[in-house]
There are 2 protein chains.
Amino acid sequence: METQYKEKTFFTSKDLALSVIGGRWKIAIIWCLLQQSPLRLSEIQKYLPDVNQRMLIRQLRELEEDKIITRYVYPVVPPKVEYELGEIGLLLEPVVTSICDWGDNFREYLEKDVNKNQLNKI
Amino acid sequence: METQYKEKTFFTSKDLALSVIGGRWKIAIIWCLLQQSPLRLSEIQKYLPDVNQRMLIRQLRELEEDKIITRYVYPVVPPKVEYELGEIGLLLEPVVTSICDWGDNFREYLEKDVNKNQLNKI
DNA sequence: CGGTATCCAGGATGATACTG
DNA sequence: CAGTATCATCCTGGATACCG
């Protein structure tokens, strides 16, 4: 999902939000930066081993473009770059928290379901 | 994004949640069903005119598979099908709400930004 | 270290037409 | 109405090579 709000004029709040945070790995990236901040690219990669580097960088760039995160480049050798949530990015904490909470509920729900099925087999 | 939790063994809560609700239009669909329920396919399409029918149906099927929504088929002519959030799907309300709230914040943030840029031009 | 460039493959998404 | 089938396109992922 690409950033689109610059080209469109009308958006509901959910459409606007989803156009920014709906990308494949964006919530995961924001989750990382809520755990620890700032983070270097290599550190984000440790948090998210399933994301390949190219995709990770793409999503980071898009988040940067939308001012969700800030990218700090230190002019040193070897290069050092740090990522950090910006003002509006930090406000995503309730979104990430509610998603994680629901994930917990869903896990319990799945386990209840497993138990039910096992009972049915008796 | 496809449902994956059936094949994988280890998941953080966020990964589990995202594997279920991370699909391109799933949050939007859930948003619809929180506005009004039950809904027929054609009604969801009115809520979400940007989603093509094939994709909408796919995402509905995946959500059904994961027990987030329930699909009721009435054996009438012409066909009548209704969609409704299930027990665990209803618990997604805080997720959708927090996303909408953030969207509002982001919109304000963008407008502040526009004003700043206009001031800079003076 | 933190990228970019390229190629290739597969899956996700979209547009359109068609059907029971 | 609620889909399915088909075809085209875009997004994503993996591997690799290379650079400042």
Take atom [atom1] of [X] and atom [atom2] of [N], then tell me their distance rounded to the nearest Å.
| X | N | atom1 | atom2 | answer |
| --- | --- | --- | --- | --- |
| A:Glu62 | D:dT12 | CD | C1' | 12 Å |
| A:Arg58 | C:dG3 | CZ | P | 15 Å |
| B:Lys80 | D:dG3 | NZ | C1' | 17 Å |
| B:Leu48 | C:dT13 | CG | P | 14 Å |
| A:Glu43 | C:dG2 | CD | C1' | 13 Å |
| A:Leu39 | C:dG3 | CG | C1' | 17 Å |
| B:Gln45 | D:dC1 | CD | C1' | 9 Å |
| A:Lys26 | D:dT12 | NZ | C1' | 14 Å |

May I have the step-by-step check of side chain to side chain donor-acceptor pair (under 3.5 Å) for A:Tyr109 and B:Glu87, ending in yes or no?
CA-CA 9 Å; A:Tyr109 178 79; B:Glu87 174 196 349; 4.9 Å; no
Using only side-chain N and O atoms of [X], determine if any of them is under 4.0 Å from OP1 or OP2 of [N].
| X | N | value |
| --- | --- | --- |
| B:Arg61 | D:dG3 | yes |
| A:Arg71 | C:dG3 | yes |
| B:Tyr83 | D:dC1 | no |

Would you please test B:Glu62 and B:Lys26 for side-chain contact (heavy atoms from CB on, under 4.5 Å) and show each step?
CA-CA 9 Å; B:Glu62 290 183 12; B:Lys26 289 184 182 174; 2.7 Å; yes
Run A:Val20 and B:Trp102 through side-chain contact (heavy atoms from CB on, under 4.5 Å) and show every step you take.
CA-CA 11 Å; A:Val20 174; B:Trp102 184 85; 3.9 Å; yes
Return the minimal non-hydrogen interatomic distance between B:Leu63 and B:Ile30, and the atom names on each side.
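The answer is CD2-CD1, 4.3 Å.
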Shortest non-hydrogen contact from A:Ser37 to A:Tyr83?
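So the minimum-distance heavy-atom pair works out to OG-O, 4.2 Å.
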So if I define the base as every atom that isn't primed, P, OP1 or OP2, how would nucleotides 14-20 of chain C read as a B/S/- string at a heavy-atom cutoff under 4.0 Å?
BB----B
Show the numbers, then the answer: is there a side-chain contact (heavy atoms from CB on, under 4.5 Å) between B:Leu41 and B:Leu60?
CA-CA 9 Å; B:Leu41 178 65; B:Leu60 284 167; 3.8 Å; yes
What does A:Leu41 touch in the nucleic acid at a heavy-atom separation under 4.0 angstrom: a base, only the sugar-phosphate, or nothing?
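If one applies the 4.0 Å heavy-atom cut-off, A:Leu41 turns out to touch the sugar-phosphate alone, with no base involved.
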As an exercise, state the distance from OG of A:Ser13 to CD1 of B:Ile99, rounded to the nearest 0.5 Å.
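Here the rounded value is 11.5 Å.
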